[in-house]
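Reviewing the structure listed below.
Remember, it's 1-based here, ligands and their atoms both numbered in the order they're listed.
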Amino acid sequence: MKPRSFAGRMQSVAPSATTEVFKRVAELRAQGVSIVSLSVGEPDFEPPLHVREAAKRALDHGPFGYTTVAGLAPLREAICERSRLRRGVTHAPNEVVVSAGAKHALFNLAQVLYEPGDEVLIPTPSWVSYAEQVTLCGATPVLVPCREEQGFLLTPAALAAAITPRTKALILCSPSNPTGATYDAEQLRALADVLGLHPIWTIVDEIYAELYYDGECAPSLASVAPELRERLVIVDGVSKSYAMTGFRVGWLMAPPTLARACETVQSQATTSIATVAQLATIAALHGDQACVREMRETYRARRTRIVDGLAAIPGIRCGMPSGAFYAFADVCALLGRREGEQLIANDLDFARVLLERARVAVVPGSAFHGPGYLRLSYAASLADIDSALARIAAFVATLF
Ligand code: PMP
Ligand code: GLU
């Protein structure tokens, strides 16, 4: 007997485009196909040695059980301490909820805040999961396009124009995935002046804050606009800065009532995250931060290599991103051309045919609401970057 249908919400939600490309690359590699992947945004480094040692100690000595849902107290203290050093803002452990990655923290937040009738502002190009999480809650993502001429940054005028009485929240990602665009303190202050006039939540995703190339750490709205504190949520984690994606540790810092609500949601979904991952994260946050600086410097060199290499390919334009580890390249001039029988009408075709023919995996800009562009992750070795650039240049040369 055919069972009843899936929930209606499944008609409006798409799978994560980044994890889909990741899956496709894994399938092709399993078939023995050699792929250069600049697709999924994941550090190619191993986690720092002291983090792995802390994880091994935890496996030998425990504790082995559940922890409180929001995370071990020493972990939440370590998060507050690192945030104070980085942002100059003080939080208490009861304002922190630790989840299975920043994505999970954002998901809990979505469950707590968004419902049908709500509008959530998302400046685009934007990371794949923001809009889909809003949709899963039955609320409406309101995409606010940010043009390349404005540095892919939300302007105060565009923000003011997008706010309506239904606006529940703004999700701001700086440095941004996929563009690398980063707001400076003055730009954040100007946005805060608009936000101050409206009773909406602001969620700042600062997961790439330490992968910033114009200074040590990207400016934070939390430091620039302390008056927004009672309606500001910081989302962060160890996936990017410490190359700890597989540990699945992220968190949010929010006013205590909102933190409690997120804890309630998590208590019904996953309880606490893996205890060993929590102990490894304490070591990352308390340990020597030289590893973060070293990785940043390596990304910096790769950033120049990929941006210069892309810009040298006829028909591709690419600006210099100031943070994260993505190049966001404009391929509009190449659209409408053909590769053999295949028409490359848009960025989705470009990414698909590039993978089929040149065996280079990238993510189409459309996945980030940025059509006409490709996102290339430079969290890859210089050898892989060079090989991808050579393959892309050869591919572009065959288009007619
Ligand atoms: N936010 C942004 C902007 C990201 O690029 C990612 C990458 N996965 C995340 C959140 C989630 O990271 P994680 O769940 O690994 O902490
Ligand atoms: N954030 C990374 C990316 O954008 C990892 C995959 C994901 O979580 O979306 O590629």
Is it true that the side chains of Tyr208 and Tyr326 contain a donor and an acceptor less than 3.5 Å apart? yes

Quick one: do the Thr140 and Glu119 side chains pair a donor with an acceptor below 3.5 Å? no

Just let me know how Phe22 lines up against ligand 2, side chain, backbone, both or neither, with a heavy-atom cut-off below 4.0 Å. neither

Does some non-hydrogen atom of Gly250 fall short of 4.0 Å from ligand 1? no

Side chain, backbone, both or neither: which part of Thr18 comes within less than 4.0 Å of ligand 2 when only heavy atoms are counted? side chain

Does at least one non-hydrogen atom of Glu42 fall below 4.0 angstrom from an atom of ligand 1? no

Polar-atom distance check: Ser129 versus ligand 2, any N or O pair below 3.5 Å? no

Please could you name the atoms of ligand 2 that Lys103 approaches to less than 4.0 Å, counting only its heavy atoms? 7 (C), 8 (O), 9 (O)

Part of Ala102 with heavy atoms under 4.0 Å of ligand 1, whether side chain, backbone, both or neither: both

Is there a heavy atom of Gly41 sitting under 4.0 angstrom from any atom of ligand 1? no

Residue-level breakdown please: for His104 versus ligand 1, do any non-hydrogen atoms fall below 4.0 Å on the side chain, on the backbone, on both, or on neither? neither

Does Ala139 offer a backbone N or O that forms a donor-acceptor pair with the side chain of Glu115 under 3.5 Å? no

If you measure from atom 12 (O) of ligand 1 to every heavy atom of Val249, Val40, Ile207, which option wins on shortest distance? Ile207

Hey, is Gly237 one of the residues with a heavy atom under 4.0 angstrom from ligand 1? no

Atom 9 (C) of ligand 1: the protein heavy-atom neighbour that sits closest, reported with distance to 0.1 Å: Trp127 CH2, 3.4 Å

Answer with side chain, backbone, both or neither: which part of Phe368 has a heavy atom less than 4.0 angstrom from an atom of ligand 2? neither

Mind checking whether Leu172 and Val233 sit in one hydrophobic cluster, side chains of I, L, V, M, F, W, Y counted as touching below 4.5 Å? no

With nothing but distance in play, are any N or O atoms of Val40 less than 3.5 Å from an N or O of ligand 2? no

Within the 4.0 Å heavy-atom cut-off, what Val363 brings close to ligand 2 is neither

What is the closest protein heavy atom to atom 14 (O) of ligand 1, and at what distance does it sit? Arg248 NH2, 2.9 Å

Is there a nitrogen or oxygen of Tyr326 sitting under 3.5 Å from a nitrogen or oxygen of ligand 1? no

Top protein contact for atom 5 (C) of ligand 2, by heavy-atom distance: Gly41 O, 3.6 Å

Need the ligand 1 atom indices (1-based, order shown) with element for anything under 4.0 Å from a heavy-atom of Asn177. 3 (C), 4 (C), 5 (O)

Determine whether the side chains of Glu210 and Gln289 contain a donor N or O and an acceptor N or O closer than 3.5 Å. no

Does the side chain of Arg24 reach to within under 4.5 Å of the side chain of Leu355, using non-hydrogen atoms? yes

Determine whether Ile207 and Val235 make a side-chain contact, defined as any pair of heavy atoms from C-beta on separated by less than 4.5 Å. no

Just checking, is any N or O donor in the side chain of Arg375 or Asn177 under 3.5 Å from an acceptor N or O on the other one? yes

Are the aromatic rings of Phe368 and Tyr373 close, with centres under 6.0 Å apart? no

Does Val134 belong to the same Ile/Leu/Val/Met/Phe/Trp/Tyr cluster as Val144, with side-chain heavy atoms less than 4.5 Å apart forming each link? no

Kindly assign one of parallel, tilted or perpendicular to the pair Tyr213 and Tyr378, based on the angle between their ring planes and the thresholds 30° and 60°. tilted

Donor-acceptor contact present, side-chain Arg231 to main-chain Leu195, <3.5 Å: yes

Between Phe107 and ligand 1, find which residue part has any heavy-atom pair under 4.0 Å and reply side chain, backbone, both or neither. neither

Would you mind running through ligand 2 and noting each atom that sits below 4.0 Å from a heavy atom of Tyr326? 2 (C), 3 (C), 4 (O)

Short side-chain donor-acceptor distance under 3.5 Å, Thr182 and Ser174: no

Say whether Tyr130 and ligand 1 are in contact under the criterion: heavy-atom distance to a ligand atom below 4.0 Å. yes

Which ligand 1 atoms, with their elements, are less than 4.0 angstrom from a heavy-atom of Cys173? 3 (C)

Is the closest N or O pair between Ser39 and ligand 2 shorter than 3.5 Å? no

Glu20 heavy atom under 4.0 Å from ligand 2: no

Taking atom types as modelled, find out whether Gln150 and Thr155 have a side-chain donor-acceptor pair closer than 3.5 angstrom. no

Backbone, side chain, both or neither: what part of Glu42 comes under 4.0 angstrom of ligand 2, heavy atoms only? neither

What is the nearest protein non-hydrogen atom to atom 7 (C) of ligand 1, stated with its residue, atom name and distance? Lys240 NZ, 2.8 Å

Between Thr124 and Ser126, do the side chains contain a donor N or O and an acceptor N or O under 3.5 Å apart? no

Protein contact of atom 3 (C) of ligand 1 - nearest heavy atom, named by residue and atom, plus distance: Asp205 OD2, 3.3 Å

Does the side chain of Leu252 come within less than 4.5 Å of Leu106's, by heavy atoms? no

